[in-house]
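One structure below.
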Amino acid sequence: MAAMATPRLYLADALLADTQLTLPREQAHYLLSVMRMRAGDDVRVFNGRDGEWRARVERADKREAVLCVHEQLRAQSGAPDLHVLFAPLKKTRTDFAVEKASELGARVIRPVFTRFTQSERVNAERLQSLAREAAEQCERLDLPEIAEPVRLDALLDQWTQREGARRLLFCDEAEGGAGTPWNASNGAASDALGVLQALRETPATPWAILIGPEGGFHPDERARLREADFAVSMSLGPRILRADTAVVAAVSLWQAILGDWR
Ligand code: SAH
């Protein structure tokens with residue numbers, strides 16, 4: 001069997017050498033029952049601020065676990081300044097989108113309600129715990145933030161006040177639907193590689209990627225997005241992707257060309 005990496009755990013507490021931390025019940029349960037740790041075992045801990053540390057389980061029982069923090073293994077580093085904005089989907093697809101955006105290195109994930117969004121609410125706490133588990137598993141040192149949901153119209157109205165120089169890359173499937181050739185005259189956006197490579201030549205700015213709901217953007221929403229001077233549209237190819245697939249495709253392309261995969 002291949003050697004397993006030492007398990008990692010996200011903690012909210014400050015991390016310092018030679019300090020003891022008492023884990024709350026839920027995290028103690030995770031450490032003992034899910035990660036199967038026992039007194040004397042090593043774990044790695046991070047809190048999104050103080051880097052990654054080696055710690056040892058000092059004491060463990062059903063109600064609580066005590067860790068002793070030993071030495072710093074890695075200094076803090078962050079994900080690139082990329083926000084992923086997406087219209088909430090059915091539960092399992094929303095979960096998938098949040099988990100994958102976290103693994104792929106989004107810094108902030110924000111639900112956005114559009115006219116055709118099917119789901120009218122999100123469970124922010126559940127999404128935050130999915131993002132935390134993804135961060136624990138994928139070795140990132142920061143925690144993706146699940147930001148307050150907003151309505152698309154409000155987001156666009158207040159973009160510059162709230163987001164400053166951040167630009168918006170919106171994934172725009174062809175108006176004619178699947179198979180419509182890429183061509184600006186029939187309303188299709190430019191291909192992703194062309195768009196992203198051109199952006200690489202412009203001064204670096206923070207970015208947000210916007211993915212629409214399963215029903216797509218309303219024509220008024222699309223028109224507004226296309227007119228906004230902070231927004232750039234991009235096609236993800238001649239097939240219509242499910243929104244959760246579009247999240248993965250768009251974040252991967254952005255990371256490879258403008259982000260930290262370089
Ligand atoms: N309006 C479509 C479905 C939308 S797919 C229809 O019903 O035919 C959901 C979202 O994924 C879209 O709003 C868009 O943001 C993104 N998306 C899916 N396929 C895409 C593609 N080929 N190019 C760009 N974006 C795409």
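Both ligands and their constituent atoms are indexed starting at 1 by order of listing.
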### Query
For the residue pair Phe170 and Phe217, does the interplanar ring angle fall in the parallel (under 30°), tilted (30 to 60°) or perpendicular (over 60°) class?
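Phe170 vs Phe217 ring planes: perpendicular.
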### Query
If you measure from each heavy atom of Met234 to ligand 1, is any distance below 4.0 Å?
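Yes, Met234 has a heavy atom closer than 4.0 Å to ligand 1.
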Assess whether a salt bridge exists between [X] and [Y], defined as any Lys/Arg side-chain N lying under 4.0 Å from an Asp/Glu carboxylate O.
X	Y	answer
Asp142	Arg107	no
Arg166	Asp81	yes
Arg224	Glu221	no

Measure [X] to ligand 1 on non-hydrogen atoms and call it side chain, backbone, both or neither using the 4.0 Å cut-off.
X	result
Glu214	backbone
Thr245	neither
Pro213	backbone
Ala246	side chain

Has ligand 1 got any nitrogen or oxygen that is less than 3.5 angstrom from a nitrogen or oxygen of [X]?
X	result
Ala243	no
Leu210	no
Arg242	no
Leu236	yes

### Task
For a side chain to side chain contact (heavy atoms under 4.5 Å, CB included) with Ile109, tell me which candidate from Val98, Leu82, Leu85 qualifies.
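Option passing the side chain to side chain contact (heavy atoms under 4.5 Å, CB included) with Ile109: Val98.
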Atoms in ligand 1 with a heavy atom of [X] nearer than 4.0 Å:
X	value
Phe217	13 (O), 15 (O)
Gly215	1 (N)
Ser235	23 (N), 24 (C)
Arg239	19 (N), 21 (C), 22 (N)

### Task
Find out whether Arg59 and Gln20 are in side-chain contact, i.e. whether some heavy atom of one side chain is under 4.5 Å from a heavy atom of the other.
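Side-chain contact under 4.5 Å: no.
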### Query
So, does Gln27 use its side chain to make a donor-acceptor pair with the main chain of Pro24 at under 3.5 Å?
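Such a contact is absent between Gln27 side chain and Pro24 backbone.
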### Task
Test Glu52 against every option in Gln72, Gln76, Arg8 by the side chain to side chain donor-acceptor pair (under 3.5 Å) rule and name the one that passes.
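Single side chain to side chain donor-acceptor pair (under 3.5 Å) partner of Glu52 among Gln72, Gln76, Arg8: Arg8.
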#### Entry: Whether over 12 other heavy atoms sit under 6.0 Å from Glu120 CD
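Check passes, neighbour count above 12.
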